[in-house]
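Reckoned from all heavy atoms, side chains included, excluding hydrogens, waters and symmetry mates. Residue numbers begin at 1 in each chain, while the letters A, B, ... track the order of the sequences.
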Amino acid sequence: MQRAIRLVVSLSIAITACSASGIDTAALSELPLASPETITELLTLSEQPVVINVWASWCIPCRAEAPLLDKAVSRFGEVVQFISINVRDSQNSAKEFIAELLAETNIEHFFDQHGAVPLALGGSHGIPLTFFYGPGGSLVKLHFGVLDERTLALQIDELLARS
Amino acid sequence: MEFTLLGATAIALTSVYCMLWLEEYHDKTASHSRKLRDLILPATIVGLIAGRLAAMIGNGVNPLTNPQEIIILRAGVATGPAATAVLIWIAWAGRSKLQTLADRLAPAALAGLAGWHGACAVRDTCLGTPSDLPWALTQHGSSVARHPVELYASLAYLIIAVALIIFKPFPSGFAAGAGLVGAAGIRLLTEPIRPSLDGGPISWYLAGLLSGVALIGWVVSRSRGATLD
């Protein structure tokens with residue numbers, strides 16, 4: 001029994017050590033700043049449906065839903081515009097998060113220090129938040145909390161059906 | 001919101017316990033229902049943890065370096081590994097009377113699935129792909145009518161669960177096989193009209209279906225062998 005415990009602990013340490021990697025964010029460019037005006041203009045001018053995800057690097061549920069967004073972008077990135085807005089965070093932490101979880105994903109990232117954008121769009125201080133907009137900026141759905149695959153797939157399908 | 005998931009889980013567990021009570025009421029010889037009631041809650045916890053771990057690993061998230069994400073169930077619970085973990089737990093816990101327990105468990109498990117899918121109204125996840133059928137439902141503010149796919153699944157599971165209680169007796173092992181076929185088959189049938197990012201875990205459903213068919217085939221051949229003897 002003790003041998004088994006030692007083996008499990010050793011394996012855990014080894015796996016943890018192998019997967020732990022320092023993320024060099026020095027080479028990553030700063031996230032562009034977002035304001036309610038810039039995002040609203042972007043939405044108004046959009047010819048595609050838009051999904052806006054609001055997150056922070058310290059938000060554990062945001063980390064949990066990032067792979068789902070990655071999957072959605074891989075499948076629908078050609079027909080839906082995906083935007084992510086980092087709120088109440090630091091540029092470095094945001095860049096680390098993106099490098100770790102969304103590096104390969106074609107998402108437009110923005111930085112909103114004070115969280116003004118989600119409030120202006122009708123959201124709240126709580127995160128994660130996801131807005132689903134039709135072309136031209138008509139709000140279809142505002143989802144509070146972590147996204148699950150069914151909800152994300154259904155809302156994207158709804159956006160595409162209405163387009 | 002996370003409480004909707006908790007609410008749906010509570011409804012599913014309540015459905016399981018109700019079906020166990022119904023089974024006991026319908027068949028006074030169902031002496032293993034009390035043991036099953038004691039197994040359900042730990043089995044559910046084991047399944048949720050296993051399914052969450054599998055989903056995290058499948059999404060490239062290391063659970064050892066991100067243990068806090070294990071509790072974020074809404075981010076995804078892999079159905080196949082979760083179901084497998086539940087079955088392994090039940091099999092280990094009830095190993096002394098496995099076949100009988102499996103037969104008793106099948107209607108309750110299907111009732112749990114019926115409750116979970118029926119609780120889609122709580123989680124606002126009832127709708128599937130667009131449909132012109134007269135009973136198709138629309139999302140609030142939408143004009144796109146959709147299959148109430150989760151309600152289809154819930155009704156189908158409930159019918160099979162009740163049938164497994166009413167149309168007794170069956171050869172030993174048949175109810176368990178039929179439960180597997182029902183659970184996997186209903187998911188396979190409804191998956192094409194259920195919105196998904198990657199088509200769903202079809203391989204797991206096929207594995208469940210084939211396992212159930214194999215079990216039923218084994219039960220039938222054993223019954224025929226016994227008859228010939």
Sort B:Arg146 into side chain, backbone, both or neither according to what part of it lies under 4.5 angstrom from a heavy atom of chain A.
side chain
Does any heavy atom of chain A fall under 4.5 Å from the side chain of B:Ser142, the backbone, both, or neither of them?
both
Using the side chain to side chain donor-acceptor pair (under 3.5 Å) rule, take B:Gln139 and A:Gln155 through it: C-alpha gap first, then chi angles, then the decisive distance, then the call.
CA-CA 10 Å; B:Gln139 184 172 273; A:Gln155 295 311 322; 2.8 Å; yes
Decide if the gap between the ring center of A:Phe97 and the ring center of A:Trp55 is smaller than 6.0 angstrom.
yes
Given a strict heavy-atom distance threshold of 4.5 Å, which part of A:Leu147 is in contact with chain B: side chain, backbone, both, or neither?
backbone
Cation-pi, A:Trp58 ring and A:Arg63 (6.0 angstrom, 45 degrees):
no
If you count heavy-atom pairs under 4.5 Å between each of A:Ala153, A:Ser74, A:Ala161, A:Ala72 and chain B, which one has the most?
A:Ala153
Is it the case that over 12 heavy atoms from other parts of the model lie below 6.0 angstrom from the CD atom of A:Gln113?
yes
